[in-house]
Amino acid sequence: MTPTLIARDLRKDYPMNGETVHALRGVSLRVDSGDYAAIVGPSGSGKSTLLQLLGGIDTPTAGAVELSGTRLDALSDRELTRLRLTRLGFVFQRFHLLPVLTARENVELPMAEAGVRGPERRVRARELLDYVGLAQRENHRATQLSGGEMQRVAIARALANRPAVVLADEPTGELDAATGREILDLFLRLNRDGTTLVVVTHDDRLAAEAGRVIHMLDGAIRD
Amino acid sequence: MTGAAWAVKRLARQPLRTGLSLAGIAVAAAMLLDMVMLSGGIDRSFSDLLLGRGYQMRLTPKGTLPFDTEATIRGASAIVAALRREPALEAAGAVLGTSLYARRGDSLITLFAYGLQPEAQSLYQLQAGRDLASGAGAGVLLSEPAARLLGAGIGDTLTLVGRLDPQVVTAAAGRRLVVRGMVRWLYDYRGQPSVGMVLSDLQRLSSSPAEDRASMIVVKARQDSAVPGLVTALRRRFPSVEVSSVADLVATFHERLVYFRQLSYILGSMSLIVTVLLIATLLTIAVGERLGEIATLRAIGVSRRTVVGQVLAEGTALTIVGGGLGIGLGLATARYLDAILTSFPGLPAAFSFFVPRAGALAFAALVLLLTGSLAGLYPAWLAARTPIAATLRAEAT
Ligand SMILES: Nc1ncnc2c1ncn2[C@@H]1O[C@H](COP(=O)(O)OP(=O)(O)O)[C@@H](O)[C@H]1O
Ligand SMILES: [Mg+2]
């Protein structure tokens, strides 16, 4: 398997009231294409911080991240933004859809930013909404959808530009058990269809289904 | 899904807030518009009024402006005759303005009278009946207010009296003249009861005809471009009178109105500042509320440029819609204010304070659009520098 995502000795310190919080204390990690990796661990162990560094949303204090052979620290801010747009997909605990836009427009947004033309964008957005089971909801505003539906739109949005990896931070954290189950099933299907997934979770079911489980404790991976 | 469409959607989602902001911007824009119309409008209106019948030059008593004082020019006919012989001049005519009385039963009614030369008149537009013929005893022209005051119409005969004898307060012998036509006097204030007659008739009524007095002589050049040169030539030729072109008079007027213009500049600038503050405040609040959304957009790969463009587009959309409403409001208030101001006694009713000129309005619109769009710069900068990771973390808790 070719490595898609590599983390080398990642460290992240936060200054806090004159002291330093060591959120990550040297994390190394390799995610191969087609992997389904779950990151678990107690609250405050550094899971979200790790995911943000892997996704190029934040920069490490030390260490490096490499996506498909590209070192993120070698990129300019603009290039990094472009890489997040075209090579990565993000799913958040609170969905973070744009409330003024419809489901389809939310899915189209990353494609519009990437310069995909209108008609092509619309077709793909419909396909993706169909894929996540929301074909009937394409013209609903984000605010008119249920939590589970919003998360499915968010997943469709994450897939819009055919990313190499989808990163999700507690994607079932805001959902009830049954709705969470549907999202887990969707992730399983996604992974079976070839999407590489790295998911931070508290959900034992997800951890059980993932191909790999990475345990974090106090800013480090516990073997 | 263009930036503009997105901005409009976002604004439409907060109808009350957007409506209030638009109302504020519209009021400020209306004020700007009125001030722009006011700043150049008076000059323009004055110039249009003086050039109403195409006479570009005025000869007045030395040291005065037209109808500025009771002073008069003596020997007017000789000057007019000399002017009419000039090949570069198309027409010249003398005008005398004075007060006069009409006898009605036992009482006397005070009127304003114009004495003029019908073949070269710059004072009125005929509205009904016949124009005056040249020569003495040709009759009299009435304005609508004069006709109403006298209860007279075309074909009626008026008895007009010149000077009153101060000893006995009875009138000297009058003249009987037939009403020929109804006219609109260009320089009358609203409701002014004015009558017009041939210059020699009025001279006979008001003073000694031998003095041949006129308040002013109006002169029309064949070509507008020749006016400055002609003014210089006429000054040399007639040193005993004041020679001014309409452009000179407008310039003098312009000088006298400097405070008016300063006021309009200051108020116009203040309305621009209000617009900027309104838009900047609204957008800053909106950006503050949307920091999570902005961080999300940045996280999923939306560029700073797009985010900045969104905020600026919102400011521009507000400016365009608010400014559009402001044009309507500004024109309506200008008309209303104009009606109030031009009803001041002594001001020609045909005068206008607020004159919409395409160039000035386009300039105001451009300045408004520019400042309105620039008002989004600070909120756009706030949006652009939103820290992605920290904001997302704050949103998650
Ligand atoms: N911006 C920050 N400033 C200070 N401390 C932070 C910041 N972000 C995270 N931390 C700290 O880093 C540690 C790891 O946080 P996080 O990655 O959110 O853990 P998890 O997602 O596993 O709950 C925590 O102790 C947290 O308080
Ligand atoms: Mg977390």
Side-chain angles (χ1 to χ4, degrees), chain A residues 12 14 23 43 48-49 51-53 55-59 77-102 104-115 118 121-122 125 141-143 154 157-158 160-161 163 167 169-170 173-174, chain B residues 1-18 282-283 285-315 317-318 380-381 383-397:
Chain A
K12 182 69 181 176
Y14 293 109
S43 187
S48 295
T49 303
L51 208 66
Q52 289 186 335
L53 296 186
I57 286 173
D58 211 350
T59 49
D77 188 73
R78 188 182 292 187
E79 290 166 333
L80 192 59
T81 302
R82 191 76 191 168
L83 177 127
R84 290 198 301 270
L85 179 70
T86 56
R87 307 289 297 138
L88 292 165
F90 292 90
V91 176
F92 307 95
Q93 181 171 354
R94 293 195 173 165
F95 332 126
H96 289 328
L97 297 180
L98 262 65
V100 287
L101 302 183
T102 64
R104 180 167 54 77
E105 288 169 337
N106 266 287
V107 179
E108 279 186 45
L109 188 137
M111 293 189 267
E113 179 73 9
R121 222 156 68 196
R122 224 151 295 142
R141 282 250 208 80
T143 45
R157 176 178 71 181
N161 288 326
L167 304 171
D169 196 347
E170 313 232 17
E174 294 275 309
Chain B
M1 200 163 31
T2 62
W6 200 358
V8 169
K9 275 188 185 183
R10 207 186 287 293
L11 292 169
R13 250 191 102 228
Q14 303 253 10
L16 185 64
R17 183 197 283 183
T18 304
L282 179 77
L283 294 182
I285 292 171
V287 164
E289 287 171 348
R290 281 170 40 211
L291 285 180
E293 183 181 309
I294 292 163
T296 305
L297 287 172
R298 297 280 294 118
I300 68 173
V302 172
S303 66
R304 280 203 176 83
R305 214 166 104 182
T306 302
V307 168
V308 165
Q310 291 295 336
V311 177
L312 294 182
E314 267 181 67
L318 280 172
W381 175 76
R385 45 152 253 168
T386 301
I388 307 174
T391 308
L392 285 176
R393 179 178 298 275
E395 284 283 304
T397 50

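Note: hydrogens, waters and symmetry copies are ignored here, and every other heavy atom, side chains too, is used. Throughout, a chain's letter reflects where its sequence line sits, starting with A, and its residues are numbered from 1.
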**Complete:** In terms of heavy-atom pairs under 4.5 Å with chain B, the winner among A/Asp58, A/Asp169, A/Leu98 is A/Leu98
**Message:** For A/Glu79, give me all partners under side-chain hydrogen bond (donor to acceptor under 3.5 Å, both in side chains), at least two apart in sequence or on another chain.
**Reply:** A/Ser76
**Request:** Can you establish whether the number of heavy atoms outside B/Arg17 located under 6.0 Å from its atom CZ is more than 12?
**Result:** yes
**Asked** Relative to chain B, which of A/Leu97, A/Asn161, A/Asp77, A/Thr81 shows the most heavy atom pairs under 4.5 Å?
**Response** A/Thr81
**Asked** A/Arg84, A/Gln52, A/Arg157: which one forms the most heavy-atom pairs within less than 4.5 Å of chain B?
**Response** A/Arg84
**Prompt:** What residue in A/Thr86, A/Ile57, A/Leu83, A/Thr49 has the most heavy-atom pairs under 4.5 Å with chain B?
**Reply:** A/Ile57
**Asked** By a 4.5 Å heavy-atom criterion (distance strictly below it), what part of A/Thr102 contacts chain B: side chain, backbone, both, or neither?
**Response** neither
**Message:** Out of A/Gln93, A/His96, A/Glu113, A/Arg87, return the one with the most heavy atom pairs under 4.5 angstrom to chain B.
**Reply:** A/Glu113
**Fill in**
Scanning both residues in full, the closest heavy-atom pair of B/Leu392 with B/Gly292 reads CD2-O, 4.4 Å
**Prompt:** What residues, two or more places apart in sequence or in another chain, satisfy salt bridge (charged side-chain N to carboxylate O under 4.0 Å, His left out) together with B/Glu293?
**Reply:** B/Arg10, B/Arg290
**Message:** Please give me the minimum heavy-atom distance between A/Glu108 and A/Ala125, naming the atom from each residue.
**Reply:** CG-CB, 3.8 Å
